[in-house]
Number of protein chains: 2
Amino acid sequence: MTEVNKRTQIKNAAAKLFRKKGYRATSMQDIADALGIKAASLYNHIKSKQEILTELLMNIALAFTAGMDDIRNSSLDENSQLEELVNLHVNLTFKYKDSIALITGEWVHLDPEILPQYLEKRNNYEEAFMAILESCQKKKLISESTNLDIALFSILSSLHWLYNWHNKNPDLGKIELAAQLKKILLHGLISPKK
Amino acid sequence: MTEVNKRTQIKNAAAKLFRKKGYRATSMQDIADALGIKAASLYNHIKSKQEILTELLMNIALAFTAGMDDIRNSSLDENSQLEELVNLHVNLTFKYKDSIALITGEWVHLDPEILPQYLEKRNNYEEAFMAILESCQKKKLISESTNLDIALFSILSSLHWLYNWHNKNPDLGKIELAAQLKKILLHGLISPKK
DNA sequence: GTCTATAGGCTGATAGAC
DNA sequence: GTCTATCAGCCTATAGAC
(Lines give C-alpha, C1' and ligand atoms only; values in the text may rest on other atoms or scores of the structure.)
Protein backbone atom coordinates (compact mmCIF):
# COMPACT_ATOMS: atom_id res chain seq x y z
CA MET A 1 0.00 0.00 0.00
CA THR A 2 2.98 2.30 0.54
CA GLU A 3 4.92 2.17 -2.74
CA VAL A 4 3.04 1.30 -5.90
CA ASN A 5 4.35 0.67 -9.38
CA LYS A 6 3.23 3.31 -11.87
CA ARG A 7 1.98 0.53 -14.11
CA THR A 8 -0.27 -0.60 -11.28
CA GLN A 9 -1.43 2.95 -10.68
CA ILE A 10 -2.45 3.19 -14.33
CA LYS A 11 -4.35 -0.08 -14.17
CA ASN A 12 -6.12 0.98 -10.97
CA ALA A 13 -7.12 4.34 -12.40
CA ALA A 14 -8.28 2.70 -15.61
CA ALA A 15 -10.34 0.11 -13.74
CA LYS A 16 -12.16 2.87 -11.86
CA LEU A 17 -12.89 4.76 -15.08
CA PHE A 18 -13.84 1.69 -17.13
CA ARG A 19 -16.24 0.79 -14.39
CA LYS A 20 -17.83 4.22 -14.23
CA LYS A 21 -18.00 5.21 -17.89
CA GLY A 22 -17.25 2.01 -19.77
CA TYR A 23 -14.18 1.04 -21.80
CA ARG A 24 -15.14 2.83 -25.00
CA ALA A 25 -16.17 6.06 -23.28
CA THR A 26 -12.92 6.22 -21.32
CA SER A 27 -10.09 7.93 -23.20
CA MET A 28 -6.39 7.70 -22.55
CA GLN A 29 -6.73 11.40 -21.71
CA ASP A 30 -9.13 10.51 -18.89
CA ILE A 31 -6.71 7.96 -17.46
CA ALA A 32 -3.76 10.35 -17.76
CA ASP A 33 -5.76 13.16 -16.13
CA ALA A 34 -6.54 10.92 -13.17
CA LEU A 35 -2.79 10.46 -12.64
CA GLY A 36 -1.77 14.03 -13.36
CA ILE A 37 0.35 13.20 -16.43
CA LYS A 38 -0.03 13.57 -20.19
CA ALA A 39 -1.70 10.86 -22.25
CA ALA A 40 1.42 10.14 -24.29
CA SER A 41 3.34 9.35 -21.10
CA LEU A 42 1.11 6.37 -20.41
CA TYR A 43 2.78 4.51 -23.24
CA ASN A 44 6.05 4.32 -21.34
CA HIS A 45 4.31 1.91 -18.98
CA ILE A 46 1.67 0.13 -21.04
CA LYS A 47 1.47 -1.05 -24.62
CA SER A 48 -2.10 -0.05 -25.39
CA LYS A 49 -5.50 0.65 -23.89
CA GLN A 50 -6.54 -2.85 -24.87
CA GLU A 51 -3.67 -4.30 -22.86
CA ILE A 52 -5.05 -2.70 -19.72
CA LEU A 53 -8.51 -4.17 -20.27
CA THR A 54 -7.08 -7.59 -21.03
CA GLU A 55 -4.95 -7.71 -17.91
CA LEU A 56 -7.74 -6.49 -15.67
CA LEU A 57 -10.20 -9.06 -16.95
CA MET A 58 -7.81 -12.00 -17.16
CA ASN A 59 -6.68 -11.32 -13.61
CA ILE A 60 -10.26 -11.59 -12.38
CA ALA A 61 -10.89 -14.71 -14.43
CA LEU A 62 -7.82 -16.37 -12.94
CA ALA A 63 -8.91 -15.49 -9.42
CA PHE A 64 -12.30 -17.10 -9.95
CA THR A 65 -10.78 -20.18 -11.55
CA ALA A 66 -8.32 -20.64 -8.71
CA GLY A 67 -11.06 -20.19 -6.11
CA MET A 68 -13.27 -22.72 -7.84
CA ASP A 69 -10.44 -25.26 -8.02
CA ASP A 70 -9.86 -24.88 -4.30
CA ILE A 71 -13.49 -25.59 -3.58
CA ARG A 72 -13.76 -28.58 -5.90
CA ASN A 73 -10.60 -30.11 -4.49
CA SER A 74 -11.93 -29.81 -0.95
CA SER A 75 -13.74 -32.55 0.92
CA LEU A 76 -16.66 -30.30 1.78
CA ASP A 77 -20.17 -31.64 1.22
CA GLU A 78 -22.31 -30.18 -1.57
CA ASN A 79 -24.15 -27.72 0.61
CA SER A 80 -20.91 -26.35 2.05
CA GLN A 81 -19.41 -26.06 -1.41
CA LEU A 82 -22.28 -23.82 -2.45
CA GLU A 83 -21.73 -21.68 0.62
CA GLU A 84 -18.04 -21.45 -0.16
CA LEU A 85 -18.88 -20.22 -3.66
CA VAL A 86 -20.83 -17.36 -2.12
CA ASN A 87 -17.82 -16.60 0.07
CA LEU A 88 -15.57 -16.64 -2.98
CA HIS A 89 -17.67 -14.04 -4.78
CA VAL A 90 -17.91 -11.85 -1.70
CA ASN A 91 -14.16 -12.03 -1.11
CA LEU A 92 -13.23 -11.25 -4.70
CA THR A 93 -15.74 -8.39 -4.77
CA PHE A 94 -13.99 -6.83 -1.78
CA LYS A 95 -10.54 -7.51 -3.20
CA TYR A 96 -11.09 -6.31 -6.77
CA LYS A 97 -13.52 -3.50 -6.01
CA ASP A 98 -13.37 -1.82 -9.43
CA SER A 99 -12.15 -4.31 -11.98
CA ILE A 100 -14.68 -6.94 -10.95
CA ALA A 101 -17.38 -4.68 -12.36
CA LEU A 102 -16.01 -5.29 -15.85
CA ILE A 103 -17.15 -8.91 -15.97
CA THR A 104 -20.81 -7.97 -16.36
CA GLY A 105 -20.45 -6.05 -19.62
CA GLU A 106 -17.06 -4.65 -20.58
CA TRP A 107 -15.60 -8.03 -21.57
CA VAL A 108 -17.29 -7.58 -24.97
CA HIS A 109 -14.56 -5.05 -25.79
CA LEU A 110 -11.78 -7.58 -25.52
CA ASP A 111 -9.88 -8.00 -28.78
CA PRO A 112 -11.18 -10.86 -30.94
CA GLU A 113 -7.87 -12.58 -30.38
CA ILE A 114 -8.23 -12.62 -26.61
CA LEU A 115 -11.99 -12.98 -26.28
CA PRO A 116 -12.13 -16.77 -26.81
CA GLN A 117 -9.60 -17.34 -24.04
CA TYR A 118 -11.67 -15.25 -21.68
CA LEU A 119 -14.93 -16.93 -22.60
CA GLU A 120 -13.39 -20.36 -22.18
CA LYS A 121 -12.44 -19.56 -18.58
CA ARG A 122 -15.89 -18.17 -17.98
CA ASN A 123 -17.58 -21.26 -19.41
CA ASN A 124 -15.38 -23.55 -17.37
CA TYR A 125 -16.33 -21.67 -14.24
CA GLU A 126 -20.03 -21.86 -14.99
CA GLU A 127 -19.82 -25.55 -15.80
CA ALA A 128 -18.06 -26.24 -12.53
CA PHE A 129 -20.73 -24.26 -10.70
CA MET A 130 -23.39 -26.26 -12.50
CA ALA A 131 -21.72 -29.55 -11.57
CA ILE A 132 -22.04 -28.64 -7.90
CA LEU A 133 -25.72 -27.75 -8.36
CA GLU A 134 -26.25 -31.12 -10.05
CA SER A 135 -24.65 -32.92 -7.12
CA CYS A 136 -27.02 -31.06 -4.81
CA GLN A 137 -30.01 -32.10 -6.86
CA LYS A 138 -28.86 -35.71 -6.97
CA LYS A 139 -28.68 -35.71 -3.16
CA LYS A 140 -32.18 -34.16 -2.97
CA LEU A 141 -30.85 -30.94 -1.48
CA ILE A 142 -32.48 -29.21 -4.46
CA SER A 143 -35.96 -30.19 -5.60
CA GLU A 144 -36.16 -32.39 -8.69
CA SER A 145 -38.54 -29.94 -10.34
CA THR A 146 -36.07 -27.05 -10.15
CA ASN A 147 -34.59 -25.97 -13.50
CA LEU A 148 -30.89 -25.79 -12.75
CA ASP A 149 -30.13 -23.55 -15.73
CA ILE A 150 -32.41 -20.92 -14.28
CA ALA A 151 -31.04 -21.46 -10.80
CA LEU A 152 -27.46 -21.02 -11.97
CA PHE A 153 -28.27 -17.92 -13.99
CA SER A 154 -30.19 -16.43 -11.11
CA ILE A 155 -27.49 -16.95 -8.49
CA LEU A 156 -24.70 -15.75 -10.76
CA SER A 157 -26.66 -12.63 -11.64
CA SER A 158 -26.88 -11.66 -8.01
CA LEU A 159 -23.27 -12.53 -7.28
CA HIS A 160 -21.97 -10.67 -10.34
CA TRP A 161 -23.82 -7.54 -9.37
CA LEU A 162 -22.54 -7.59 -5.84
CA TYR A 163 -19.89 -5.00 -6.67
CA ASN A 164 -22.62 -2.53 -7.46
CA TRP A 165 -24.45 -3.01 -4.22
CA HIS A 166 -21.27 -3.16 -2.18
CA ASN A 167 -20.19 0.23 -3.46
CA LYS A 168 -23.32 1.86 -2.07
CA ASN A 169 -23.13 0.10 1.29
CA PRO A 170 -19.45 -0.03 2.18
CA ASP A 171 -20.28 -0.15 5.88
CA LEU A 172 -21.66 -3.68 5.85
CA GLY A 173 -19.02 -6.25 6.75
CA LYS A 174 -17.94 -9.17 4.61
CA ILE A 175 -19.15 -11.79 7.06
CA GLU A 176 -22.64 -10.38 7.46
CA LEU A 177 -23.01 -9.80 3.73
CA ALA A 178 -21.99 -13.38 2.97
CA ALA A 179 -24.32 -14.77 5.62
CA GLN A 180 -27.29 -12.80 4.29
CA LEU A 181 -26.58 -13.87 0.73
CA LYS A 182 -26.41 -17.52 1.68
CA LYS A 183 -29.76 -17.22 3.40
CA ILE A 184 -31.48 -15.29 0.61
CA LEU A 185 -29.94 -16.99 -2.41
CA LEU A 186 -29.84 -20.55 -1.15
CA HIS A 187 -32.55 -20.85 1.47
CA GLY A 188 -35.15 -18.47 0.14
CA LEU A 189 -36.74 -15.17 0.96
CA ILE A 190 -40.24 -16.22 1.95
CA SER A 191 -40.40 -18.24 5.17
CA PRO A 192 -41.64 -21.78 4.55
CA LYS A 193 -45.26 -22.35 5.52
CA LYS A 194 -45.65 -24.19 8.79
CA MET B 1 -45.76 -6.51 -37.59
CA THR B 2 -46.59 -5.93 -41.28
CA GLU B 3 -45.86 -2.25 -41.86
CA VAL B 4 -43.38 -0.52 -39.61
CA ASN B 5 -42.44 3.11 -39.40
CA LYS B 6 -38.86 3.76 -40.51
CA ARG B 7 -38.31 5.63 -37.25
CA THR B 8 -39.28 2.47 -35.40
CA GLN B 9 -37.00 0.39 -37.61
CA ILE B 10 -34.11 2.66 -36.68
CA LYS B 11 -34.88 2.40 -32.99
CA ASN B 12 -35.15 -1.38 -33.21
CA ALA B 13 -31.87 -1.73 -35.08
CA ALA B 14 -30.18 0.64 -32.64
CA ALA B 15 -31.50 -1.27 -29.63
CA LYS B 16 -30.03 -4.49 -30.98
CA LEU B 17 -26.65 -2.87 -31.60
CA PHE B 18 -26.55 -0.91 -28.32
CA ARG B 19 -27.25 -4.16 -26.56
CA LYS B 20 -24.53 -6.08 -28.36
CA LYS B 21 -21.71 -3.54 -28.54
CA GLY B 22 -22.80 -0.78 -26.19
CA TYR B 23 -23.92 2.77 -26.97
CA ARG B 24 -20.49 4.29 -27.38
CA ALA B 25 -19.13 1.49 -29.55
CA THR B 26 -22.14 1.68 -31.88
CA SER B 27 -21.77 4.25 -34.67
CA MET B 28 -24.45 5.82 -36.80
CA GLN B 29 -22.72 3.95 -39.63
CA ASP B 30 -23.47 0.66 -37.88
CA ILE B 31 -27.14 1.53 -37.51
CA ALA B 32 -27.40 2.70 -41.11
CA ASP B 33 -25.66 -0.43 -42.38
CA ALA B 34 -28.17 -2.59 -40.53
CA LEU B 35 -30.95 -0.86 -42.47
CA GLY B 36 -29.17 -0.69 -45.81
CA ILE B 37 -29.06 3.11 -45.98
CA LYS B 38 -26.39 5.79 -45.55
CA ALA B 39 -25.66 7.26 -42.14
CA ALA B 40 -26.70 10.76 -43.17
CA SER B 41 -30.16 9.52 -44.10
CA LEU B 42 -30.86 8.56 -40.50
CA TYR B 43 -31.19 12.24 -39.63
CA ASN B 44 -34.36 12.55 -41.69
CA HIS B 45 -36.03 10.39 -39.05
CA ILE B 46 -34.25 11.07 -35.81
CA LYS B 47 -32.63 14.10 -34.24
CA SER B 48 -29.52 12.50 -32.82
CA LYS B 49 -28.01 9.28 -31.53
CA GLN B 50 -28.74 10.46 -28.02
CA GLU B 51 -32.43 10.84 -28.86
CA ILE B 52 -32.60 7.14 -29.73
CA LEU B 53 -31.05 6.08 -26.43
CA THR B 54 -33.30 8.41 -24.48
CA GLU B 55 -36.48 7.13 -26.09
CA LEU B 56 -35.50 3.48 -25.69
CA LEU B 57 -34.68 3.86 -22.02
CA MET B 58 -37.58 6.13 -21.08
CA ASN B 59 -39.99 3.76 -22.78
CA ILE B 60 -38.75 0.91 -20.60
CA ALA B 61 -38.86 3.03 -17.48
CA LEU B 62 -42.48 3.98 -18.19
CA ALA B 63 -43.44 0.35 -18.73
CA PHE B 64 -42.00 -0.64 -15.35
CA THR B 65 -43.62 2.30 -13.60
CA ALA B 66 -47.01 1.50 -15.09
CA GLY B 67 -46.69 -2.16 -14.18
CA MET B 68 -45.75 -1.31 -10.62
CA ASP B 69 -48.71 1.07 -10.27
CA ASP B 70 -51.06 -1.67 -11.42
CA ILE B 71 -49.72 -4.03 -8.79
CA ARG B 72 -49.82 -1.52 -5.96
CA ASN B 73 -53.37 -0.49 -6.82
CA SER B 74 -54.52 -4.11 -6.75
CA SER B 75 -56.06 -5.84 -3.78
CA LEU B 76 -53.60 -8.73 -3.94
CA ASP B 77 -51.96 -9.84 -0.71
CA GLU B 78 -48.23 -9.19 -0.19
CA ASN B 79 -47.09 -12.59 -1.35
CA SER B 80 -49.11 -12.37 -4.57
CA GLN B 81 -47.78 -8.86 -5.22
CA LEU B 82 -44.24 -10.23 -5.13
CA GLU B 83 -45.23 -12.94 -7.57
CA GLU B 84 -46.82 -10.36 -9.86
CA LEU B 85 -43.57 -8.39 -9.83
CA VAL B 86 -41.76 -11.44 -11.14
CA ASN B 87 -44.45 -11.75 -13.85
CA LEU B 88 -43.97 -8.08 -14.73
CA HIS B 89 -40.24 -8.51 -15.29
CA VAL B 90 -40.72 -11.68 -17.31
CA ASN B 91 -43.40 -10.05 -19.49
CA LEU B 92 -41.37 -6.91 -20.17
CA THR B 93 -38.29 -9.01 -20.93
CA PHE B 94 -40.24 -10.83 -23.61
CA LYS B 95 -41.82 -7.64 -24.91
CA TYR B 96 -38.70 -5.44 -25.05
CA LYS B 97 -36.18 -8.12 -25.94
CA ASP B 98 -33.33 -5.80 -26.90
CA SER B 99 -33.90 -2.42 -25.30
CA ILE B 100 -34.45 -3.91 -21.84
CA ALA B 101 -30.79 -4.88 -21.84
CA LEU B 102 -29.85 -1.20 -21.67
CA ILE B 103 -31.07 -0.76 -18.11
CA THR B 104 -28.18 -2.69 -16.64
CA GLY B 105 -25.41 -0.45 -17.92
CA GLU B 106 -26.08 1.79 -20.90
CA TRP B 107 -28.17 4.30 -18.96
CA VAL B 108 -24.93 5.93 -17.85
CA HIS B 109 -24.66 7.39 -21.36
CA LEU B 110 -27.86 9.38 -21.06
CA ASP B 111 -27.27 13.13 -21.41
CA PRO B 112 -26.78 14.90 -18.07
CA GLU B 113 -30.00 16.74 -18.75
CA ILE B 114 -32.07 13.55 -19.02
CA LEU B 115 -30.23 11.33 -16.56
CA PRO B 116 -31.90 12.73 -13.40
CA GLN B 117 -35.37 12.05 -14.82
CA TYR B 118 -34.39 8.48 -15.59
CA LEU B 119 -32.84 7.90 -12.18
CA GLU B 120 -35.87 9.32 -10.44
CA LYS B 121 -38.14 6.78 -12.13
CA ARG B 122 -35.68 4.05 -11.26
CA ASN B 123 -35.54 5.09 -7.62
CA ASN B 124 -39.30 5.30 -7.38
CA TYR B 125 -39.56 1.79 -8.74
CA GLU B 126 -37.04 0.42 -6.28
CA GLU B 127 -38.69 2.18 -3.38
CA ALA B 128 -42.07 0.73 -4.32
CA PHE B 129 -40.49 -2.71 -4.55
CA MET B 130 -38.94 -2.20 -1.14
CA ALA B 131 -42.28 -1.12 0.34
CA ILE B 132 -43.78 -4.45 -0.71
CA LEU B 133 -40.87 -6.34 0.85
CA GLU B 134 -41.37 -4.38 4.07
CA SER B 135 -45.05 -5.34 4.14
CA CYS B 136 -44.03 -8.95 3.76
CA GLN B 137 -41.60 -8.69 6.63
CA LYS B 138 -44.19 -6.99 8.83
CA LYS B 139 -46.56 -9.90 8.21
CA LYS B 140 -43.76 -12.39 9.02
CA LEU B 141 -43.65 -13.73 5.47
CA ILE B 142 -40.00 -12.72 5.50
CA SER B 143 -37.80 -13.44 8.50
CA GLU B 144 -37.04 -10.52 10.79
CA SER B 145 -33.33 -11.18 10.48
CA THR B 146 -33.31 -10.78 6.69
CA ASN B 147 -31.61 -7.63 5.45
CA LEU B 148 -34.13 -6.23 2.98
CA ASP B 149 -31.58 -4.06 1.19
CA ILE B 150 -29.66 -7.19 0.24
CA ALA B 151 -32.84 -9.05 -0.62
CA LEU B 152 -34.01 -6.28 -2.95
CA PHE B 153 -30.63 -5.97 -4.63
CA SER B 154 -30.41 -9.71 -5.07
CA ILE B 155 -33.85 -10.16 -6.62
CA LEU B 156 -33.48 -7.16 -8.92
CA SER B 157 -30.09 -8.38 -10.10
CA SER B 158 -31.59 -11.65 -11.25
CA LEU B 159 -34.61 -10.01 -12.82
CA HIS B 160 -32.55 -7.37 -14.61
CA TRP B 161 -30.33 -10.01 -16.14
CA LEU B 162 -33.23 -12.10 -17.35
CA TYR B 163 -32.87 -10.70 -20.88
CA ASN B 164 -29.44 -12.24 -21.08
CA TRP B 165 -30.58 -15.66 -20.06
CA HIS B 166 -33.74 -15.50 -22.12
CA ASN B 167 -31.74 -14.82 -25.28
CA LYS B 168 -29.85 -18.07 -24.90
CA ASN B 169 -32.92 -20.17 -24.12
CA PRO B 170 -35.71 -18.82 -26.31
CA ASP B 171 -37.46 -22.17 -26.25
CA LEU B 172 -38.55 -21.96 -22.61
CA GLY B 173 -42.03 -20.51 -22.26
CA LYS B 174 -43.00 -17.43 -20.30
CA ILE B 175 -45.17 -19.32 -17.83
CA GLU B 176 -42.59 -21.93 -16.93
CA LEU B 177 -39.83 -19.32 -16.65
CA ALA B 178 -41.93 -17.18 -14.31
CA ALA B 179 -42.90 -20.20 -12.21
CA GLN B 180 -39.29 -21.30 -11.81
CA LEU B 181 -38.17 -17.79 -10.89
CA LYS B 182 -40.84 -17.47 -8.22
CA LYS B 183 -39.72 -20.74 -6.71
CA ILE B 184 -35.99 -20.01 -6.84
CA LEU B 185 -36.02 -16.31 -5.98
CA LEU B 186 -38.79 -16.29 -3.41
CA HIS B 187 -38.92 -19.75 -1.92
CA GLY B 188 -35.30 -20.77 -2.04
CA LEU B 189 -33.06 -23.18 -3.83
CA ILE B 190 -32.14 -25.59 -1.08
CA SER B 191 -35.07 -27.65 0.19
CA PRO B 192 -35.89 -26.86 3.83
CA LYS B 193 -34.63 -29.44 6.30
CA LYS B 194 -37.31 -31.78 7.54
C1' DG C 1 10.14 9.02 -17.95
C1' DT C 2 8.12 13.17 -19.11
C1' DC C 3 6.90 16.34 -22.50
C1' DT C 4 5.17 18.61 -27.37
C1' DA C 5 3.80 17.72 -31.84
C1' DT C 6 1.49 15.18 -34.92
C1' DA C 7 -0.21 11.39 -37.73
C1' DG C 8 -4.20 8.88 -39.40
C1' DG C 9 -8.66 7.35 -38.65
C1' DC C 10 -13.20 7.51 -37.08
C1' DT C 11 -17.08 10.12 -34.98
C1' DG C 12 -21.80 12.69 -34.99
C1' DA C 13 -23.91 15.84 -37.52
C1' DT C 14 -25.02 19.37 -41.38
C1' DA C 15 -25.60 21.36 -46.28
C1' DG C 16 -27.37 20.97 -50.39
C1' DA C 17 -28.13 18.30 -54.98
C1' DC C 18 -31.49 15.13 -56.83
C1' DG D 1 -36.30 10.82 -48.27
C1' DT D 2 -32.10 9.46 -50.18
C1' DC D 3 -27.67 10.56 -51.57
C1' DT D 4 -22.50 12.76 -51.74
C1' DA D 5 -19.46 15.82 -49.72
C1' DT D 6 -17.70 17.76 -45.91
C1' DC D 7 -16.72 19.76 -41.30
C1' DA D 8 -14.82 19.98 -36.83
C1' DG D 9 -13.57 17.32 -33.08
C1' DC D 10 -11.84 13.52 -30.71
C1' DC D 11 -9.49 9.12 -30.56
C1' DT D 12 -5.22 5.85 -30.01
C1' DA D 13 -0.72 5.70 -30.76
C1' DT D 14 4.06 7.16 -32.34
C1' DA D 15 8.37 10.18 -32.96
C1' DG D 16 11.62 12.63 -31.07
C1' DA D 17 13.36 16.61 -27.95
C1' DC D 18 14.71 17.21 -23.21
Distance, rounded to the nearest Å, where [X] contributes [atom1] and [N] contributes [atom2]:
X: A/Lys6; N: C/dG1; atom1: NZ; atom2: C1'; result: 8 Å
X: A/Lys49; N: D/dT12; atom1: NZ; atom2: C1'; result: 8 Å
X: A/Leu53; N: D/dT12; atom1: CG; atom2: P; result: 13 Å
X: A/Lys47; N: D/dT14; atom1: NZ; atom2: C1'; result: 14 Å
X: B/Asp30; N: C/dT11; atom1: CG; atom2: P; result: 7 Å
X: B/His45; N: C/dA13; atom1: NE2; atom2: P; result: 15 Å
X: A/Tyr43; N: D/dA13; atom1: OH; atom2: C1'; result: 5 Å
X: B/Leu42; N: C/dA13; atom1: CG; atom2: P; result: 10 Å

Check your understanding: Can you name the residues that form a side-chain hydrogen bond (donor to acceptor under 3.5 Å, both in side chains) with A/Lys21, not counting sequence neighbours?
Key ->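 Testing A/Lys21 for side-chain hydrogen bond (donor to acceptor under 3.5 Å, both in side chains), a comparison that skips the adjacent residues, returns A/Asp30.
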Review point. Among residues 106-115 of chain B, which residues get a heavy atom nearer than 4.0 Å to DNA chain D?
Key: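 Per residue number, the list is empty: none.
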Exercise for review: Please work out which residues in residues 18-26 of chain A have a non-hydrogen atom less than 4.0 Å from an atom of DNA chain D and list them by number.
Suggested key: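 The stretch gives A/Thr26 as the residues lying under 4.0 Å from the strand, ordered by number.
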Would you compute the distance between atom [atom1] of [X] and atom [atom2] of [Y] and round it to the nearest 0.5 angstrom?
X: B/Thr146; Y: A/Leu189; atom1: OG1; atom2: CG; result: 6.5 Å
X: A/Met58; Y: A/Leu56; atom1: CE; atom2: CG; result: 11.5 Å
X: B/Leu82; Y: B/Ile155; atom1: CG; atom2: CD1; result: 6.5 Å
X: A/Ser191; Y: B/His187; atom1: OG; atom2: NE2; result: 10.5 Å

Review point. Looking only at atom types and distance, does a side-chain atom of B/Tyr23 sit under 3.5 Å from a main-chain N or O of B/Leu17, one as donor and one as acceptor?
Key: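 Such a contact is absent between B/Tyr23 side chain and B/Leu17 backbone.
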Exercise for review: Return the minimal non-hydrogen interatomic distance between B/Glu126 and B/Leu152, and the atom names on each side.
Suggested key: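 Nearest heavy atoms, B/Glu126 then B/Leu152: O-CD2, 3.8 Å.
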**Study point:** Residue pairs fulfilling salt bridge (Lys or Arg N to Asp or Glu O under 4.0 Å) with at least one residue in residues 84-106 of chain B, sequence neighbours excluded
**Key:**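 Sorted result for residues 84-106 of chain B: B/Arg19-B/Asp98.
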Tabulate atom names and distances for all N/O pairs under 3.5 angstrom spanning the protein and nucleotides 3-5 of chain C.
{"unit_1": "C/dC3", "atom_1": "OP2", "unit_2": "A/Lys38", "atom_2": "N", "d": "2.7"}
{"unit_1": "C/dC3", "atom_1": "OP2", "unit_2": "A/Ser41", "atom_2": "OG", "d": "2.6"}

Review point. Name the one of A/Leu148, A/Asp149, A/Leu85 that satisfies side chain to side chain contact (heavy atoms under 4.5 Å, CB included) with A/Leu133?
Key: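 So, applying the side chain to side chain contact (heavy atoms under 4.5 Å, CB included) to A/Leu133 and each of A/Leu148, A/Asp149, A/Leu85, only A/Leu148 qualifies.
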Review point. Do A/Ser99 and A/Asn59 pass the side-chain contact (heavy atoms from CB on, under 4.5 Å) test, and can you show the C-alpha distance, the side-chain angles, and the key distance before you say yes or no?
Key: CA-CA 9 Å; A/Ser99 58; A/Asn59 205 21; over 6 Å; no
Point to revise | ring pair (Phe, Tyr, Trp, His ring centres under 6.0 Å) partners of A/Phe64, counting only residues at least two apart | key: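 By the ring pair (Phe, Tyr, Trp, His ring centres under 6.0 Å) rule, A/Phe64 matches A/His89, A/Tyr125.
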Point to revise | Candidates C/dA13, C/dT11, D/dA13 - which lies nearest the side chain of B/Gln29 | key: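 My answer, after comparing the listed nucleotides, is C/dT11.
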